[in-house]
Amino acid sequence: MQSAVHAATSLLPHLRRGLGPESAPPAAPHLRVLTGASAVALADGEGLLAFDGEGSDHHRAGDALTPLVGEVRDDRVRVEPRLECAHAGCPLRSAIVAPLVVQDRRIGALVALYDRPGRLRLEETRVVGEAAALVAAMVELSEVEAQGERLARAELRALRAQISPHFIYNALAAVASFIHSRPEEARELLTEFAEFIRYAFARQRTYVTVADELRYVEKYLRLEQARFGERLRVRVQVDPEVLQAVLPVLSLQPLVENAVRHGVERDADGGLVTIEGIDLGVDVALRVSDDGGGIDPERASAALAGEGPGIGLGNVHGRLLSTFGPEYGLQVEPDDGRGTTVVMTLPKFRPGVRAG
């Protein structure tokens with residue numbers, strides 16, 4: 001029992017990448033332990049992806065499945081009581097073939113092979129069928145995760161498209177205003193602008209640390225302070241334990257941009273933007289506040305749902321949910337007409353989510 005449980009849990013790291021020529025070979029030995037067979041083969045629609053156990057000297061990945069056990073014709077488990085291998089001395093005499101079915105489509109087969117001919121025990125057939133169902137469930141999970149990653153990348157592309165026109169125009173206008181009067185400062189601002197754009201549009205980075213995101217939020221704020229001067233005041237207070245938490249790239253910057261646009265840009269006297277990072281034990285909270293006119297609850301809910309005029313809050317909230325699950329994401333806290341606070345809650349650690 002312990003051996004079977006260990007084999008089943010050992011499959012997950014391999015098959016969560018899907019069923020393919022890289023994931024099948026390390027999964028096959030665990031399936032052989034799980035089924036108790038003399039050998040195990042994993043196949044897709046083209047042929048064998050992996051073979052482990054007796055007969056592996058002549059049955060190999062890349063071989064066709066048909067010469068071994070015939071065609072996989074339907075979605076039922078079947079027994080082959082007598083195998084006829086063309087290789088002299090092959091020890092394999094019988095097999096159980098279990099199709100791998102994911103979302104009503106057959107993606108391959110799990111084949112358990114035995115060194116004795118004739119009828120196989122009913123419990124062996126049941127075990128192989130359940131092992132195939134386990135493999136199919138893990139492959140389906142990998143497809144769901146892949147769809148989530150594709151959605152997150154699409155949402156990130158949409159966010160980049162939204163950021164670029166508004167921010168680029170204002171940043172370049174700020175640089176241009178300093179070219180003649182303060183050329184050194186204009187040169188520094190242009191460097192900050194280039195570094196921020198490189199960060200925002202770097203395709204190879206999906207996740208970053210809070211420390212990285214803050215570093216580029218500071219560059220963004222430097223450019224905005226060039227526009228607003230003393231009208232934009234900033235306060236940053238972050239617990240050191242928060243800095244190594246990982247979040248989707250460009251998650252914090254849109255919250256800060258919203259605070260600047262709604263809490264500072266619309267007020268002739270400007271305003272204060274506060275960024276806080278709070279250690280919550282296993283989680284962290286990032287709070288972005290402004291002291292502007294606030295936002296009513298209905299508009300806040302619409303913004304989180306992506307139904308407002310912009311896509312910033314809804315985009316970030318959706319990416320956090322797809323990355324970390326429903327217990328994380330954004331929450332908007334209106335402050336009775338005296339400003340708005342957006343709270344982002346993240347886990348300090350999540351398996352599979354690593355900074356690029």
Side-chain angles (χ1 to χ4, degrees), residues 152 155-156 159-160 162-164 166-168 170-171 174 188-228 232-264 271-291 312-313 315-317 319-320 323-324 328-333 339-350 353-356:
E155 290 173 336
L156 179 57
L159 182 61
R160 284 168 172 158
Q162 184 218 17
I163 288 173
S164 54
H166 180 85
F167 172 70
I168 290 174
N170 288 327
E188 291 175 5
L189 288 172
L190 196 57
T191 300
E192 302 273 21
F193 173 76
E195 290 179 357
F196 177 82
I197 291 298
R198 189 179 302 117
Y199 170 79
F201 290 86
R203 296 184 180 275
Q204 70 273 21
R205 304 187 77 177
T206 303
Y207 302 108
V208 295
T209 64
V210 171
D212 282 336
E213 188 84 349
L214 280 170
R215 188 176 304 119
Y216 287 91
V217 163
E218 288 175 359
K219 294 181 184 298
Y220 164 79
L221 287 170
R222 173 85 172 83
L223 290 159
E224 292 290 46
Q225 283 177 321
R227 288 177 60 207
F228 295 110
L232 172 58
R233 302 180 300 281
V234 177
R235 183 172 70 88
V236 179
Q237 184 174 344
V238 178
D239 293 339
E241 296 83 1
V242 169
L243 295 174
Q244 293 310 307
V246 176
L247 73 169
V249 66
L250 287 179
S251 291
L252 187 60
Q253 187 275 339
L255 310 189
V256 176
E257 183 174 354
N258 275 344
V260 171
R261 292 174 66 181
H262 301 297
V264 178
L272 171 68
V273 173
T274 302
I275 303 170
E276 297 173 282
I278 303 168
D279 181 13
L280 300 178
V282 296
D283 296 332
V284 303
L286 300 175
R287 299 173 61 90
V288 179
S289 306
D290 66 69
D291 57 357
L313 287 185
N315 180 288
V316 171
H317 185 55
R319 288 192 291 139
L320 292 170
T323 300
F324 300 119
Y328 297 101
L330 298 182
Q331 182 179 359
V332 180
E333 298 178 353
T340 303
T341 297
V342 181
V343 183
M344 179 192 305
T345 309
L346 309 165
K348 279 186 180 175
F349 173 76
R350 177 56 55 92
V353 181
R354 297 182 179 85

Has E213 got a side-chain atom pairing as donor or acceptor with L250's backbone, closer than 3.5 angstrom? yes

Pick from V342, V332, V343: which one makes a side-chain contact (heavy atoms from CB on, under 4.5 Å) with L255? V342

Partners passing side-chain contact (heavy atoms from CB on, under 4.5 Å) against R350 (at least two apart in sequence or in another chain): F324, E327, Y328, P347, V353

Heavy-atom pair with the smallest gap, counting every atom of S251 and M344: O-CE, 3.5 Å

With sequence neighbours excluded, tell me which residues meet side-chain contact (heavy atoms from CB on, under 4.5 Å) with S289. T274, T341

Which heavy atom of P248 sits nearest a heavy atom of T323, and at what distance? CG-OG1, 3.9 Å

Rounded to the nearest 0.5 Å, what's the gap from CD on E224 to CZ on R261? Could you check? 9.5 Å

Can you name the residues that form a ring-ring contact (aromatic ring centres under 6.0 Å, His included) with Y216, not counting sequence neighbours? Y199

Give the C-alpha distance, both sets of side-chain angles, the deciding distance and a yes or no for side chain to side chain contact (heavy atoms under 4.5 Å, CB included) between L272 and R235. CA-CA 7 Å; L272 171 68; R235 183 172 70 88; 4.2 Å; yes

Using a 6.0 Å cut-off, check whether atom CZ of R354 has over 12 heavy atoms from anything other than its own residue. no

With sequence neighbours left out, the residues meeting side-chain contact (heavy atoms from CB on, under 4.5 Å) with L280 are I278, D283, A285

Can you name the salt bridge (charged side-chain N to carboxylate O under 4.0 Å, His left out) partners of D212, sequence neighbours left out? R205, R215

Distance, nearest 0.5 Å, that separates OG1 of T340 from CG of N258: 9.5 Å

For D279, all residues meeting side chain to side chain donor-acceptor pair (under 3.5 Å), sequence neighbours excluded: K348

Side-chain touch L346/V242, heavy atoms, less than 4.5 angstrom: no

Which pair of heavy atoms, one from V316 and one from P254, lies closest together, and at what distance? CG2-CG, 3.9 Å

Can you tell me how far CG of L313 sits from CD of E257, rounded to the nearest 0.5 angstrom? 10.5 Å

Distance col, row E192:CD vs R222:CZ, nearest 0.5 angstrom, shows 6.0 Å

Measure across V284 and A245 and return the closest heavy-atom pair with its distance rounded to 0.1 Å. CG2-CB, 4.1 Å

In Å, rounded to the nearest 0.5 Å, how long is the span from CG of L189 to CZ of R227? 12.5 Å

Separation between OG1 of T209 and CG of L247, rounded to the nearest 0.5 Å: 8.0 Å

For Q225 and L232, work out which heavy atoms get closest and say how close. CG-CD2, 3.5 Å

Looking only at heavy atoms, which two atoms of L243 and L214 are closest? And how far apart? CD2-CD1, 3.9 Å

